Amino acid sequence: MPPPPPTFEILLQTPSAIKTLPQAAQLHAQLITTANGASPACTTALLSLYSNLNALRPSLLLFAALPRPAATAWKHLIRCYTASGLPLESLRCFVRMIGSGVRPDHNVFPSVLKACASAAAIGMARSVHASVVRAGLEGDLYTGNALMSMYAKLKDMGNAAAIMFDEMPQPKIGGGLTRLTHSEFDSEESALSCVEKVFRAMPRRDIVSWNTVIAGCAQSGAYEEALRMVRRMGSENLKPDCFTLSSILPVFAEIVDVLKGKEIHGYAVRLGLHSDVFIGSSLIDMYANCERVEDSFRVFDMLPRRDHISWNSMIAGFVQNGFFNEGLALFRRMLGAGVRPVSVTFSSLMPACTHLTTLRLGKQLQGYVIRGGFERNVFIASALVDMYAKCGNIKTARWIFGGIEQHDEVSWTAMIMAYALHGHADDAIAVFKQMEAEGVRPNYVAFIAVLTACSHAGLVDEAWKYFNSMKSEYGIVPGLEHHAAVADLLGRAGKVKRAYEVISSMPMKPTGSVWSTLLAACRVHRNVELAEKVADKIFAADPDNIGAYVLMSNIYSHAKRWKEAANVRLAMRKRGMMKLPASSWVEIKNEVHGFISGDKSHPAYHGISQALSVLLERMEQEGYVPDTDEVLHDVDEEHKKHSLYNHSERLAIGYALITTVAGSTIRVTKNIRGDYRQG
DNA sequence: TTAGGGTTAG
């Protein structure tokens with residue numbers, strides 16, 4: 001009767017029994033004391049143990065001890081490299097394997113293809129695909145799935161991808177193989193069509209195959225195709241699982257179809273998949289994109305387990321829907337829960353600071369960004385450019401912009417818009433030209449930015465030039481915003497009739513706000529007749545447009561047509577429209593102080609008033625004459641002067657003057673919109 | 001061995 005085999009041999013035959021690194025090390029130690037412990041068979045078996053545990057160092061040592069590594073040994077090392085986040089090493093290893101005369105088989109290709117995707121090695125990807133064909137493994141299920149996944153991941157990779165691969169030593173993968181360049185890959189066929197081609201050619205498909213092709217379609221914007229594929233799955237008796245659902249939910253988020261999204265939600269609940277973290281974050285995002293942020297929060301709140309993406313989805317959902325304070329509060333909660341913020345957290349959160357124009361919070365957030373080493377992340381940097389510009393600090397905005405290594409269309413546009421908002425039209429146009437010179441094609445938003453720049457600087461001819469070039473040179477159809485910018489410019493330049501023509505002949509229906517800008521221009525240029533015409537247009541579309549009432553009342557006041565002005569105000573009161581006083585706020589020593597026009601309730605009001613009197617006296621000494629013309633109420637001059645001096649921004653400046661040291665920067669923020677509400 | 005979710009400019 002043969003003796004029972006030693007324990008370690010049993011263990012080697014059932015490698016799944018080894019679950020931890022110490023267990024593997026223990027077995028390894030026992031094994032080297034035996035006679036054939038150093039045999040290639042034992043070494044390879046140990047290598048497989050270590051590589052399954054993603055232990056790269058011991059795997060490398062064992063591999064080095066093999067005089068002639070067999071295909072299995074290569075496979076384990078390549079897999080371990082890929083899993084350890086070293087795709088280039090993985091590919092080098094694959095090239096060496098071929099060089100040593102070992103033929104690649106169905107075991108090794110999935111890891112190699114995954115490495116191609118991670119390294120964004122497009123040329124290598126094509127070579128390996130050809131190698132798969134030469135090995136006759138096109139029909140292999142796992143290899144086919146890995147091929148599709150690779151092409152799906154390579155889809156968005158730009159020039160950086162080609163560069164990364166070109167740094168690698170040129171592979172020589174057998175005879176008859178050509179390495180295609182990046183441009184060939186792009187011009188021949190889209191990555192999505194590669195995914196679909198592999199899918200169609202597969203003799204056997206499993207749920208992974210379907211999920212891969214569905215995700216590929218969804219991520220490439222082929223929404224209809226993705227949905228058709230989900231319906232087709234059923235014909236092969238496969239039911240959508242949590243992978244399918246988390247890939248398909250972003251489609252409904254994108255096309256803003258909350259009904260279909262809810263159907264998927266219901267399906268997930270019925271299958272008990274709704275507590276899956278992936279589905280959870282897709283649901284949060286879908287509801288948020290459909291402006292149903294309460295539903296997003298309900299999903300978030302009920303998740304039994306949350307990872308950093310669940311938190312990020314909810315933070316982004318809040319911020320994108322204008323719930324800035326809620327987004328910031330959730331960020332604090334996330335930190336409190338011990339979840340580390342990632343780059344996406346900051347790029348989602350930065351717009352909240354921008355909209356709240358709280359430079360203090362933005363700077364705090366930037367501190368986190370710097371400590372996390374995310375400063376050069378193009379998403380974060382673009383948001384920071386925008387934040388600094390909107391908080392009044394264009395120099396810092398420019399400095400951050402300069403630190404971005406690879407500018408994309410968004411970061412360029414953020415910088416153009418930053419200059420535009422500050423009235424630096426020449427700089428804005430220079431940046432626009434530089435963007436083109438560096439090979440980044442301006443998009444729809446970039447034209448809004450450059451037209452805004454022209455508009456704020458009164459560059460009528462420049463604006464028309466850009467507007468006309470949009471369609472003829474760039475193939476971009478001008479939208480509402482572009483027409484509005486041109487009309488706004490014409491109005492500001494006093495060409496109100498021309499602006500009226502542009503708006504009237506727009507290919508789309510003008511919104512109330514487009515007409516309102518013209519109405520504002522009519523006020524500035526004192527064209528009562530046209531103003532009445534424009535107001536009719538606004539009230540026809542939107543009888544409750546409060547801004548238009550206010551403007552008309554002001555226009556009549558300007559023209560000293562007090563009776564008509566009073567009629568407008570009466571009409572407003574009848575409709576229940578109430579005036580909300582203008583307000584300004586200023587940050588002093590990490591605290592925000594708000595002031596409303598005419599308000600005397602601030603504890604420091606006395607000091608403010610004194611400071612303002614001193615200041616005013618000196619201003620008048622130096623020749624300042626208050627422009628009471630802009631105070632439009634039907635009251636006497638002395639009252640006009642009084643209401644001018646108690647403007648909320650003056651109160652804020654007065655407070656800042658008495659609480660900060662000389663030479664400090666004072667940043668006052670004012671609400672210029674929403675001065676009225678329907679009460 | 002292969003598959004899924006969240007981000008910046010208007």
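So that the names make sense, note that chain A is the first sequence line, chain B the second, and so on, each numbered from 1. Keep in mind it's a predicted model, so treat the numbers as computed, not measured. What's counted below: heavy atoms across the whole structure, side chains too, no hydrogens, waters or symmetry copies.
- The base of B:dG4 lies outside donor-acceptor range of the side chain of A:Asp241, with no N or O pair under 3.5 Å.
- A salt bridge links A:Asp295 with A:Arg298; the closest basic N to acidic carboxylate O contact falls under 4.0 Å.
- For A:Tyr50 and A:His76, the distance between ring centers is not under 6.0 angstrom.
- The residue A:Ser282 sits close only to the backbone: its heavy atoms come under 4.0 Å of sugar-phosphate atoms, none of a base.
- Comparing B:dG5, B:dA3, B:dT1 by their nearest atom to the side chain of A:Val208 picks out B:dA3.
- In this structure, A:Asn289 places its CG atom 13 Å from C1' of B:dG5, rounding to the nearest Å.
- When each of B:dT7, B:dG5, B:dA3 is scored by its nearest atom to the side-chain atoms of A:Asn211, the top-ranked nucleotide is B:dA3.
- Within the nucleic acid shown, A:Val108 has no heavy atom closer than 4.0 Å to any nucleic acid atom.
- Atom pair A:Asn443:CG and B:dT8:C1' shows a separation of 12 Å (rounding to whole Å applied).
- In this structure, A:Lys75 places its NZ atom 13 Å from C1' of B:dT2, rounding to the nearest Å.
- Atom pair A:Met233:CE and B:dA3:C1' shows a separation of 11 Å (rounding to whole Å applied).
- Applying side-chain hydrogen bond (donor to acceptor under 3.5 Å, both in side chains) to A:Asn145 and the options A:Thr212, A:Asp140, A:Asp206, A:Asn211 leaves one that passes, A:Asp206.
- In summary, the aromatic rings of A:Phe447 and A:Phe432 are positioned with their centroids under 6.0 Å apart.
- Rounded to an integer number of Å, the gap from CD of A:Glu409 to C1' of B:dA9 is 9 Å.
- Within the structure, a side-chain polar atom (N or O) of A:Lys114 is placed less than 4.0 Å from OP1 or OP2 of B:dT2.
- Set against B:dT8, B:dG4, B:dG10, the side chain of A:Asp386 has B:dG10 as its closest nucleotide.
- Note on A:Ser382: every side-chain N or O is 4.0 Å or more away from OP1 and OP2 of B:dA9.
- Across the protein-nucleic acid pair, A:Leu137 atom CG and B:dT1 atom P stand 17 Å apart, rounded to whole Å.
- Residue A:Asn107 has its side chain nearest to B:dT1 when only B:dT1, B:dG4, B:dG10 are considered.
- Residue A:Arg79 has its side chain nearest to B:dT1 when only B:dG4, B:dT1, B:dA9 are considered.
- The phosphate of B:dA9 has neither OP1 nor OP2 within less than 4.0 Å of any side-chain N or O from A:Lys390.
- The distance from atom CZ of A:Arg441 to atom P of B:dA9 is 23 Å, rounded to the nearest whole Å.
- Among the heavy atoms of the strands, none lies under 4.0 Å from A:Phe346.
- Salt-bridge check for A:Lys260 with A:Glu263: failed, with every basic side-chain N at 4.0 Å or more from each acidic carboxylate O.
- A donor-acceptor contact under 3.5 Å links the side chain of A:Ser246 to the base of B:dG4.
- Among the nucleotides B:dG4, B:dA9, B:dT8, the one closest to any side-chain atom of A:Val445 is B:dA9.
- The A:Asp307 side chain lies nearest to B:dG5 when the options are B:dG5, B:dA9, B:dT1.
- Residue contacts shown for A:Val385 are absent, as no nucleic acid heavy atom lies under 4.0 Å away.
- Considering only the side chain of A:Ser347, B:dT8 comes nearest among B:dG10, B:dA3, B:dT8.
- A:Ser310 comes within contact range of at least one nucleobase, with a heavy-atom separation under 4.0 Å.
- Checked against B:dT7, B:dA9, B:dG5, the side chain of A:Ile309 finds its nearest nucleotide in B:dG5.
- Residue-level contact check: A:Val277 touches the bases, meaning some heavy atom is under 4.0 Å from a base atom.
- Looking at heavy-atom distances under 4.0 Å, A:Thr413 makes contact with a base.
- For A:Ser348 against B:dT7, a side-chain-to-base donor-acceptor contact under 3.5 Å is absent.
- Among the heavy atoms of the strands, none lies under 4.0 Å from A:Ser111.
- Among the nucleotides B:dT7, B:dG4, B:dA9, the one closest to the side chain of A:Val410 is B:dA9.
- You'll find a donor-acceptor pair under 3.5 Å spanning the side chain of A:Ser281 and the base of B:dG5, going by distance alone.
- For the pair A:Trp74 CH2 and B:dT1 C1', the interatomic distance rounds to 19 Å; values are reported in whole Å.
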Check against side-chain contact (heavy atoms from CB on, under 4.5 Å), A:Asp386 and A:Met417 = CA-CA 8 Å; A:Asp386 187 52; A:Met417 192 54 95; 5.5 Å; no
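- For CZ of A:Phe323, the number of neighbouring non-hydrogen atoms (other residues, nucleotides, ligands) closer than 6.0 Å is 12 at most.
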